[in-house]
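Below is one structure, written out as structure tokens; comments come after it.
Chain identifiers are assigned alphabetically (A, B, ...) following the order of the sequence lines, protein sequences preceding nucleic acid strands; residue numbering begins at 1 within each chain.
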Amino acid sequence: MNDPAIDQLLSAARAALRAAPPVGDEAYLRFARSVGALVRHRWSEIVRANEVDLAAGHGRGLPEPLLHRMRLTGAHRDRVAELAGTVQRELVAATRPGPVFQGLGGATARQVPRPLGVVLMIYEARPTVTVDGTLLPVCAGNAVLLRGGTEIAATNAALGAVFDTALAESGLPAGLVQVLTDVDRAGLRHLLRRDDAIDVLIPRGSPSLVDACRISSRIPMIVGGGGVNHQYVHRSADPDLAVRLVLDGKLPEPEGCTALEMVLLDDAVADAFLDRLARRVAEPDVARLALRVDTTLADRLPAGLRAGLDVRPLTDADDGREFLDTTLAVRTVSGLEQAVAHIDRYGSGHTEGIVTGDPRVADEFCRRVDAAALVVNGSVRLHDGPTLGLGTEIVIATGRLHVRGPVTLRSLTTRSWRVEGNGVTRFRAA
Amino acid sequence: MSTVQPEAATGATGDRVLAAVKRVVVRESRLSLDPATVPDDEPLDGRLLRVTSLGLLGMLIRLEDDLDATLPDDIFAGREIHTVADLADLVRAATQAGPS
């Protein structure tokens, strides 16, 4: 796509944003309802497009994990319907004006929601992101440009047609959603330079993709970084609880960004922890665990653990590593000080947990560790918008500005102050 | 475009393409180690590195930035790439930039 064509799509996005009704308008509820119904109604058409992409991917020799992520199933259809329903339920509360503040004289002020503006979503070959990345930003009043992996161009085109119909049915302007199926890498670079026309950039994908956006663009970013997450087990911890939390943190969906990567064990509790873990190796999912243990633990591992699990020595490369599989690193530390130092050096600021029976230690951990979420005596998997009752999310942000943690409908708006002056002046009485 | 990497990161070979490739595959594999310590024959998807085609878009943009070059969209089409050196050879051929 050449530069004039990109100028044109950016102009269309801005025009649609200007023409769109205010945040909280019922048209956005209609849009969510319409997307849910249309995806159900046109599912066979969407799947046919998806099969075209999959066949092309097979032909190009794409690896099976990538094809798996590209493939749409009935579960995805049901999930879209569920997401559309959730967005409708949450939208009113998420876009409600804030409380009224009493100012000078009779003046009052309250925050009212506004869209972030034109949002550019860049992601890889994941059609589910096309749906999430449309529903939430648009229902929060934004215009959205979606540039997904070229491997899912046909699927995205079919979903784009759904969005076009949903916009028309709900009375929202055409151009509020644009699925970019013909923007090549040069075109993408051009988009990344257009901080004059794009208000927010949301990259969702590999570290290189996020780096590329960070380096090549001045557009403000909401970024969900990878999670190099730790669970610190203090000497005062109940070892049974610690094992339960560690297993929950690692074993379901270990490729998720809230998955646990390393356990930091106080040396005083290490033997008890390993003993309790050894008692559970017969459980089918626990048997899939692969441990990477430091040298201080190598000779202390219970025989059952050594026999039941894939156990290897920890290497320097394992510190700060996001394994994305069932591998769990285990390292001993001398205490809180060393645990905090390790997390400070290797953590990614995503989710950090502590297991302790001492509230003062929990307070000290939370005071000193800097991450989007700190979990005390719970699974690191609790860091999730719906699980915490914060609302549905599109990503967990690790940046420091605007939003940190789950990016919900509310996070996809900004706030203006509406001031009711009631004739009050500030400096001159008359 | 960003400038080519500092000399210290180029490794023993002095090959700026190889150094750029090592930096990007280390980052893509979410590792916290010195890229220069990665062997040239390290598999891209093995015990140490975890590089798959899922991250190609970002890696190509990063390599273009690092090397101040434009890489073809079909750079990987029909190619067998198993190691860091394989990837560096491919990028070197595409940029026609030999070892410095």
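Annotation: maximal heavy-atom pairing with chain B below 4.5 Å, among A:Pro207, A:Gly205, A:Cys213, A:Ala212, occurs at A:Pro207. Ranked by heavy-atom pairs under 4.5 Å with chain A, the first of B:Leu48, B:Val25, B:Val26, B:Val24 is B:Leu48. With respect to chain B, the highest number of heavy-atom pairs below 4.5 Å among A:Leu324, A:Thr150, A:Val210, A:Thr315 belongs to A:Leu324.
Taking the charged nitrogens against the carboxylate oxygens, A:Arg331 and A:Asp319 do have a contact shorter than 4.0 Å, which makes a salt bridge.
Atom CG of A:Asp195 has more than 12 heavy atoms from other residues, nucleotides or ligands within 6.0 Å.
Interface remark: B:Leu63 contributes no atoms to any contact with chain A (heavy atom separation under 4.5 Å). Interface remark: A:Arg214 contributes no atoms to any contact with chain B (heavy atom separation under 4.5 Å).
A donor and an acceptor atom, one from each side chain of A:Thr181 and A:Asn156, are nowhere located under 3.5 Å apart.
The side-chain contact (heavy atoms from CB on, under 4.5 Å) test applied to A:Asp325 returns A:Phe323, A:Thr327, B:Arg50, not counting sequence neighbours.
Nearest approach of A:Met70 to A:Asn50, heavy atoms of both residues: O-ND2, 2.8 Å.
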